[in-house]
Amino acid sequence: MKIVVIGGTGLIGSKLVSLLRSKGHEVLAASPNSGVDTITGAGLPEALAGAQVVVDVANSPSFEDAAVLKFFETSGRNLLAAEAKAGVKHHVALSIVGTDRVPDSGYLRAKVAQEKLIVGSKVPYSILRSTQFFEFIARIPQASADGKSVRVSNSLFQPVMSDDVVAALADIAVGPPVDGIVEVAGPDRYRMRELVQRVLKASGDVREIITDAHARYFGAELTDQSLVAGPDARIGSKRFEDWLQESTASRSAASPSKTANG
Ligand SMILES: NC(=O)c1ccc[n+]([C@@H]2O[C@H](COP(=O)([O-])OP(=O)(O)OC[C@H]3O[C@@H](n4cnc5c(N)ncnc54)[C@H](OP(=O)(O)O)[C@@H]3O)[C@@H](O)[C@H]2O)c1
């Protein structure tokens with residue numbers, strides 16, 4: 001089976017390409033670097049020729065409200081039109097748990113727009129909504145920092161290891177289209193402040209963390225229901241504690257002197 005992974009060089013895309021290849025599939029890792037651009041349309045017909053499945057894990061280079069909306073709308077439109085022309089049988093896309101519950105976030109509004117295009121297209125589809133990747137937690141303080149301190153919401157969230165998301169995507173890609181939405185999430189729910197604090201500490205970041213119920217998460221205030229998965233979600237196997245310990249240990253092994261000096 002020929003599977004095209006759009007965004008095949010990214011965090012999720014590169015792992016997905018390796019996993020699908022290890023299972024014996026013909027996989028094309030498509031991205032602007034390899035001459036396939038969903039914004040300009042360059043290289044799309046050639047990449048999609050003979051493909052049965054397309055997995056879209058591309059991401060916008062900018063998270064600014066207007067730019068991210070333009071990215072997911074333009075990319076989605078071009079990609080789905082090219083897939084319809086090429087006779088692709090299954091479009092798989094990675095979205096975000098709760099994306100329709102947080103309308104004040106420009107990024108999540110853009111993901112809703114991406115999902116709407118998929119549902120409205122003629123290509124059979126499966127949308128996998130994931131919670132936040134463990135690797136992504138380090139970006140939360142960047143988005144809410146004023147220099148010396150970090151204001152974070154203390155709402156519940158349920159992050160997941162990227163490998164668990166990749167495993168779910170691989171299963172979906174080789175299965176039949178569900179023409180609907182499925183969810184994947186991590187095994188535990190946490191208060192956002194707790195994990196942001198632990199990720200900052202593990203990387204030697206000494207900024208003060210201030211819990212603020214009105215702190216904005218990518219533009220939006222959160223509630224305890226905003227980002228947690230529903231009861232039918234596929235649950236990843238990796239726990240946050242184990243991932244943090246392993247990733248800190250592998251960082252120390254990669255640069256022992258830096259870690260020893262703080
Ligand atoms: N972060 C989270 O916690 C989270 C949670 C749930 C869902 N998601 C979703 O997961 C998806 C993948 O995220 P990620 O963190 O793996 O992304 P990433 O590491 O930032 O990778 C983005 C990929 O998109 C490609 N790309 C950018 N512009 C493109 C274009 N015009 N045409 C084709 N490809 C293009 C990049 O190619 P180059 O390398 O050539 O630039 C790269 O391969 C996103 O859609 C995101 O919304 C994320």
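Nothing fancy with the numbering, it's 1 onward along the sequence. Keep in mind that the numbers below use all heavy atoms, side chains included, and drop hydrogens, waters and symmetry copies.
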Is there a path of hydrophobic side-chain contacts, each under 4.5 Å between heavy atoms of I/L/V/M/F/W/Y residues, joining [Y] to [X]?
| X | Y | result |
| --- | --- | --- |
| Ile235 | Val165 | no |
| Ile118 | Ile39 | no |
| Ile6 | Ile96 | no |
| Met161 | Val182 | yes |
| Leu156 | Met192 | no |

Exercise. Arg77 and Leu117: side-chain contact (heavy atoms from CB on, under 4.5 Å), yes or no, with the steps?
Worked result: CA-CA 7 Å; Arg77 240 182 238 118; Leu117 287 168; 4.2 Å; yes

For this session: Using distance alone, with no hydrogens and no angle criterion, decide if Ser250 and Ser247 have a side-chain donor and acceptor under 3.5 Å apart.
Result: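 No, no side-chain donor-acceptor contact under 3.5 Å.
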
Separation of [Y] [atom2] from [X] [atom1] (nearest 0.5 Å):
| X | Y | atom1 | atom2 | value |
| --- | --- | --- | --- | --- |
| Glu83 | Lys122 | CD | NZ | 14.0 Å |
| Glu26 | Leu20 | CD | CG | 12.0 Å |
| Asp171 | Leu128 | CG | CG | 10.0 Å |
| Asp163 | Glu135 | CG | CD | 7.0 Å |
| Ile12 | Leu94 | CD1 | CG | 6.0 Å |
| Leu227 | Thr99 | CG | OG1 | 9.5 Å |

Please check if the side chain of [X] supplies one atom and the backbone of [Y] the other of a donor-acceptor pair under 3.5 Å.
| X | Y | result |
| --- | --- | --- |
| Gln158 | Ala229 | yes |
| Ser126 | Val178 | yes |
| Asn78 | Thr38 | yes |
| Ser105 | Phe218 | yes |
| Lys15 | Gly13 | no |
| Asp179 | Tyr125 | yes |
| Thr74 | Phe71 | no |

Donor-acceptor contacts under 3.5 Å from residues 52-60 side chains, at least two apart:
residue : atom : partner : partner atom : Å
Gln52   : OE1  : Lys2    : N            : 2.8
Asp56   : OD1  : Ala58   : N            : 3.1
Asp56   : OD2  : Gln114  : NE2          : 3.4
Asn59   : OD1  : Tyr107  : OH           : 2.6
Ser60   : OG   : Ser62   : N            : 3.2
Ser60   : OG   : Ser62   : O            : 2.5

Is the closest side-chain heavy-atom distance between [X] and [Y] below 4.5 Å?
| X | Y | result |
| --- | --- | --- |
| Asp164 | Phe134 | no |
| Asp224 | Arg191 | yes |
| Arg234 | Glu183 | no |
| Gln132 | Tyr217 | yes |
| Val97 | Val228 | no |

Carboxylate-amine/guanidinium proximity below 4.0 Å for [X] and [Y]:
| X | Y | result |
| --- | --- | --- |
| Asp65 | Arg109 | yes |
| Glu115 | Lys111 | no |
| Asp212 | Arg193 | no |

Smallest separation among heavy atoms of [X] and [Y], with atom names:
| X | Y | result |
| --- | --- | --- |
| Pro177 | Pro124 | CG-CB, 3.6 Å |
| Ala30 | Val4 | CB-CG1, 4.1 Å |
| Ala113 | Leu69 | CB-CD1, 3.8 Å |
| Thr248 | Ala202 | OG1-CB, 3.9 Å |
| Ala215 | Val152 | CB-C, 3.6 Å |

Problem set entry | For Val17, the option from Val5, Ile3, Thr9, Leu28 that meets side chain to side chain contact (heavy atoms under 4.5 Å, CB included) |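 Single side chain to side chain contact (heavy atoms under 4.5 Å, CB included) partner of Val17 among Val5, Ile3, Thr9, Leu28: Val5.
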
For this session: Pick out which of Leu44, Leu79, Leu48 makes a side chain to side chain contact (heavy atoms under 4.5 Å, CB included) with Val36.
Result: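 It is Leu44, the one option of Leu44, Leu79, Leu48 that forms the side chain to side chain contact (heavy atoms under 4.5 Å, CB included) with Val36.
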
Exercise. Are Phe63 and Phe136 close enough that their ring centers fall under 6.0 Å?
Worked result: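 Here the rings of Phe136 and Phe63 have centres that are no less than 6.0 Å from each other.
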
For this session: Apply side-chain contact (heavy atoms from CB on, under 4.5 Å) to the pair His91 and Leu80, showing each step before the final yes or no.
Result: CA-CA 8 Å; His91 176 91; Leu80 289 160; 3.8 Å; yes

Exercise. For Lys238, does the NZ atom sit with more than 12 other heavy atoms under 6.0 Å from it, leaving out its own atoms?
Worked result: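 Result for NZ/Lys238: enclosed.
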
Problem set entry | Glu46 CD: over 12 foreign heavy atoms closer than 6.0 Å |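 Enclosed: over 12 neighbouring heavy atoms sit under 6.0 Å from CD of Glu46.
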
For this session: Output every pair passing salt bridge (Lys or Arg N to Asp or Glu O under 4.0 Å) with a member in residues 93-104, not counting sequence neighbours, ordered by first then second residue.
Result: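 For residues 93-104: Asp100-Arg129.
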
For this session: Keeping to residues at least two apart or across chains, list the ring-ring contact (aromatic ring centres under 6.0 Å, His included) pairs with something in residues 152-171.
Result: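 Qualifying pairs: none.
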
